[in-house]
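This report concerns only the one structure given below.
Every value quoted in this text rests on a predicted model; they were computed, and no experiment measured them. Heavy-atom basis, side chains included; hydrogens, waters and symmetry copies ignored.
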Amino acid sequence: MMKLLPTLTFIAAIGSGVVGGVFFAFSNFVIAALARLPVPSGIAAMNSINVTVITPTFMTALFGTGLICLVLIAAVFFGWSQSGSYWLLAGAVIYFVGNPIVTMVFNVPLNDALAAVDPQSADGAAVWANHLSQWVMWNHVRTVTAIVAMACFIMALI
């Protein structure tokens with residue numbers, strides 16, 4: 001098992017980079033473009049994205065990388081004391097907390113609230129405004145933590 005750790009670390013670095021890149025794009029231009037649309041259109045587009053994003057490829061990148069991080073955390077705690085193990089632990093914890101956990105605790109409930117609202121209503125406009133500020137803030141957290149985790153994984157390997 002310990003012989004697999006460099007490979008798992010490499011895969012975690014790639015996964016973190018991919019996920020960070022997706023979230024970077026959302027934080028920097030996708031959400032800004034949706035915010036420029038009329039409220040019902042913005043809500044419809046975001047709801048469509050939230051359904052479309054649930055693919056095996058993206059779920060594997062987001063949650064598969066999180067699973068690898070749990071394995072890497074366990075490996076560090078159960079005796080892997082190689083050079084770079086602190087970087088490895090830092091990257092795995094930062095990614096796991098900053099991406100799968102933040103996604104499930106903050107972003108998904110905001111998405112669910114958006115899906116449940118009537119886009120044509122005043123409540124829809126209020127939920128959309130809240131979504132734009134809160135969802136983007138938590139997406140920034142996911143972006144930064146994924147990129148920082150990727151850097152930590154790279155440091156663990158060199």
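- Follow the hydrophobic side-chain contacts under 4.5 Å out from Val51 and you never reach Trp128; the two are in separate clusters.
- A side chain to side chain donor-acceptor pair (under 3.5 Å) check over residues 112-127, counting only residues at least two apart or in different chains, returns nothing.
- By the rule that hydrophobic residues join a cluster once side-chain heavy atoms approach within less than 4.5 Å of another member, Met150 and Leu8 end up as members of separate clusters.
- Through direct or relayed side-chain contacts under 4.5 Å between Ile, Leu, Val, Met, Phe, Trp and Tyr, Ile94 connects to Val144, Val148.
- One N or O on the side chain of Thr143 and one on the backbone of Phe23 form a donor-acceptor pair closer than 3.5 Å.
- Shown here for Gly91 and Ala149, the closest heavy-atom pair between the two residues is O-CB, 3.4 Å.
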Ignoring hydrogens and angles, write down the donor-acceptor pairs under 3.5 Å from the side chains of residues 35-48, residues two or more places apart or on other chains.
| residue | atom | partner | partner atom | Å |
| --- | --- | --- | --- | --- |
| Asn47 | ND2 | Ile43 | O | 3.4 |

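- Across every non-hydrogen atom of Thr9 and Ala156, the tightest pair is CG2-CB, 4.3 Å.
- Counting only residues at least two apart or on different chains, the side chain to side chain donor-acceptor pair (under 3.5 Å) pairs with a member in residues 13-30 are Ser27-Asn139, Ser27-His140.
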Which atom pairs, donor and acceptor, lie under 3.5 Å between side-chain atoms of residues 54-76 and protein residues at least two apart or in another chain?
| residue | atom | partner | partner atom | Å |
| --- | --- | --- | --- | --- |
| Thr55 | OG1 | Phe58 | N | 3.1 |
| Thr60 | OG1 | Pro56 | O | 2.6 |
| Thr65 | OG1 | Ala61 | O | 2.6 |

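- Cluster membership check: Leu34 shares its hydrophobic cluster with Leu114, using side-chain heavy-atom separations under 4.5 Å among Ile, Leu, Val, Met, Phe, Trp and Tyr.
- Cluster membership for Val53 and Val136, using ILVMFWY side-chain heavy atoms within less than 4.5 angstrom, is shared.
- Side-chain contact between Tyr95 and Pro100 is present, with at least one heavy-atom pair separated by less than 4.5 Å.
- Applying the ring pair (Phe, Tyr, Trp, His ring centres under 6.0 Å) rule to pairs touching residues 30-56 yields nothing, sequence neighbours excluded.
- By the 4.5 Å side-chain criterion applied to Ile, Leu, Val, Met, Phe, Trp and Tyr, Ile158 is assigned to a cluster that also includes Trp87, Met155.
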Residues 103-110, side-chain donor-acceptor partners within the protein, below 3.5 Å, at least two apart:
| residue | atom | partner | partner atom | Å |
| --- | --- | --- | --- | --- |
| Thr103 | OG1 | Asn99 | O | 2.6 |
| Thr103 | OG1 | Arg142 | NH1 | 2.9 |
| Asn107 | OD1 | Arg142 | NE | 3.4 |
| Asn107 | ND2 | Trp135 | O | 3.4 |

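- Think of Phe10 as one node in a network of Ile, Leu, Val, Met, Phe, Trp and Tyr side chains linked at under 4.5 Å; its network also takes in Ile14, Val18, Leu157.
- Each of Val22 and Ile147 belongs to its own hydrophobic cluster when Ile, Leu, Val, Met, Phe, Trp and Tyr are linked at side-chain heavy-atom distances under 4.5 angstrom.
- With sequence neighbours excluded, the residues that form a side chain to side chain donor-acceptor pair (under 3.5 Å) with Asn50 are Asn111.
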